[in-house]
Amino acid sequence: MPDRIEAAAHHEIRVERRRARRELVQFTRRLGVLLTVLAMLIVAGSVGFAIIEHVSIAYGFIWTLDTVTTLGTIPEPSDAAGRLLQAGLEFFGIGTLFYALATVAEFFVSGRLSGLIDERRMQKMIDSTTDHYLICGYGRVGRQVARDLRAAGARYVVIDVNPDNREHALAVGLPFIDASASDDEVLVRAGIERAQGVIACVDSDAENIFITLSARELRSDILIIARASAEDSEKKLLRAGADRVISPYKTSGSEMARVALHPQVARTVEAGDYRMEEIDVPASCPGAGQTIDEVRSGSLIVAIRRPDGRLEPQPPADTVIQPGDQLLALGSPDALERLEEVFQPTGVQAP
């Protein structure tokens, strides 16, 4: 029930925001029409005074402004046609001018003008960004992606419709688009034609599939990395056009199980059919005191980090492995599992 209430509240906020945008567009359009009408009246008055009163266009323009603004510094026209033109300008011009001023005042009072300026400033900044990544979704996964990209010095644009995520992104000054990333127009606004890749990490697998489909249709050559929560979504995302599919729950679960079974394994990196691991050498394990040639069992020991911090790259086969060392090993999963058993701490049952 709380989730439904929160979802309904977020929906109402998004609806209200869309309504505010529509009203803002209507205000801008109405202001443009009023200014156009006012300009046409000034042009018509300038030409009319020049023809009727036999004055120059420049003097007719000044006469028209004097009439519309009710200054009254220029004497009234000498004939009936001129006075009729002056009355028409006073009736239509003054009403149009004050209505336009009231519209502008409403912009400032309602605060919508500042929102429009901020949105255009943000869009201008996004338009100047190239070779960036589109982070679609700014939840826990999206925020971690943004932190890692920022640490690597990469540029990115965040797309999300959640108001809570929007406030967090704007608070830290991220380039942000408040819209659905599955919309083609939104991806174009985010600069997909200039981007290096799209990272679809929305909480919903269905939304990630739509984002992938839209991105692949707009750019057939762009890198797309998608998040999947359910196993059956992985195949769908690949069929939709994703280059890589990451399942955070599956990955974290596999990593936790690996650490539980092999606590001496500090870190693992998958590289196709091979795997690279950092393996700690505890004092109570069969491999401590043996040489690399005796323990590697089909794997490759790339480097050894000694307890004092020294790194020995590409150690020779006769190098003795000491307790407290950390091995960097590369090999197939089977070869590394055999290596893990050699450095399994005494008292921990290998699977």
Side-chain angles (χ1 to χ4, degrees), residues 10 13-29 31-32 104 106-203 207-208 210-227 243:
H10 288 171
I13 293 174
R14 290 195 294 270
V15 171
E16 181 63 28
R17 189 173 294 132
R18 286 195 294 267
R19 185 184 299 115
R21 287 202 189 98
R22 286 195 300 268
E23 293 176 357
L24 192 59
V25 171
Q26 293 173 359
F27 272 119
T28 306
R29 189 175 301 165
L31 184 62
V104 173
E106 187 176 358
F107 262 74
F108 280 103
V109 171
S110 63
R112 293 188 176 93
L113 183 61
S114 60
L116 177 62
I117 293 174
D118 291 340
E119 187 173 340
R120 290 187 175 179
R121 185 185 297 115
M122 179 69 72
Q123 188 60 50
K124 187 176 181 180
M125 180 176 64
I126 293 173
D127 291 341
S128 63
T129 305
T130 58
D131 297 329
H132 57 291
Y133 294 89
L134 308 186
I135 303 177
C136 305
Y138 196 61
R140 288 175 295 180
V141 176
R143 294 178 189 182
Q144 185 60 51
V145 171
R147 283 192 291 266
D148 291 344
L149 290 179
R150 184 167 57 248
R155 293 181 292 270
Y156 55 88
V157 173
V158 178
I159 306 173
D160 199 305
V161 295
N162 190 314
D164 296 334
N165 295 337
R166 175 180 181 273
E167 295 302 325
H168 185 279
L170 295 180
V172 296
L174 300 183
F176 186 88
I177 295 180
D178 181 15
S180 174
S182 58
D183 190 340
D184 292 358
E185 182 182 349
V186 173
L187 293 175
V188 172
R189 284 174 52 198
I192 189 173
E193 70 278 359
R194 305 182 306 275
Q196 289 193 47
V198 175
I199 302 174
C201 50
V202 182
D203 292 338
E207 187 73 9
N208 286 329
F210 284 123
I211 293 171
T212 302
L213 286 169
S214 300
R216 183 57 69 201
E217 183 179 358
L218 292 171
R219 279 277 305 275
S220 60
D221 61 333
I222 197 168
L223 172 67
I224 301 178
I225 304 171
R227 168 193 175 181
D243 295 289

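Atom set for the values below is all heavy atoms of this structure, side chains included, hydrogens, waters and symmetry mates excluded. Note that the coordinates shown come from a computational prediction; the quantities given were computed from them, not determined experimentally.
Residues satisfying the side-chain contact (heavy atoms from CB on, under 4.5 Å) test with Gln196, not counting sequence neighbours, are Asp131, Tyr133. Judged as a side-chain contact (heavy atoms from CB on, under 4.5 Å), and not counting sequence neighbours, the contacts of Ser214 are Asp184, Leu187. With sequence neighbours excluded, no residue forms a side-chain hydrogen bond (donor to acceptor under 3.5 Å, both in side chains) with Arg155. Applying the side-chain contact (heavy atoms from CB on, under 4.5 Å) rule to Asp203 yields the partners Arg227; only residues at least two apart in sequence or on another chain are considered. Judged as a side-chain contact (heavy atoms from CB on, under 4.5 Å), and not counting sequence neighbours, the contacts of Ala195 are His132, Leu134, Ile222. With sequence neighbours excluded, no residue forms a salt bridge (Lys or Arg N to Asp or Glu O under 4.0 Å) with Arg143. Legend: residues meeting side-chain hydrogen bond (donor to acceptor under 3.5 Å, both in side chains) with Arg194, ordered by chain and number and at least two apart, are absent. Considering only residues two or more places apart in sequence or on other chains, Asp148 meets the salt bridge (Lys or Arg N to Asp or Glu O under 4.0 Å) condition with none of them. For Asp127, the side-chain hydrogen bond (donor to acceptor under 3.5 Å, both in side chains) test picks out Gln123, with sequence neighbours left out.
To the nearest 0.5 Å, atoms SG (Cys136) and CD1 (Ile224) are separated by 9.0 Å. The distance from atom CD1 of Ile159 to atom CG of Asp178, rounded to the nearest 0.5 Å, is 11.0 Å. Atom CZ of Arg140 and atom CG of Asn165 lie 11.0 Å apart (nearest 0.5 Å). The OG1 atom of Thr212 sits 11.0 Å away from the CD1 atom of Ile225 when rounded to the nearest 0.5 Å.
At a threshold of 4.5 Å between non-hydrogen side-chain atoms, the residues Leu174 and Arg150 count as touching. Considering only heavy atoms from C-beta on, Ser180 comes within 4.5 Å of Glu207 through its side chain. A 4.5 Å side-chain heavy-atom check between Arg216 and Asp243 finds at least one atom pair inside the cut-off.
Nearest heavy atom pair, residue Ile192 against residue Arg219, reads O-NH1, 2.6 Å. When all heavy atoms of Ala200 and Ile211 are compared, the closest pair comes out as CB-CG2, 4.0 Å.
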task: Go through the steps for Ile135 and Leu149 under the test side chain to side chain contact (heavy atoms under 4.5 Å, CB included), then give the verdict.
output: CA-CA 10 Å; Ile135 303 177; Leu149 290 179; 3.9 Å; yes
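Every pair passing ring pair (Phe, Tyr, Trp, His ring centres under 6.0 Å) that includes a residue from residues 160-197 is listed here, sequence neighbours excluded: Tyr138-His168.
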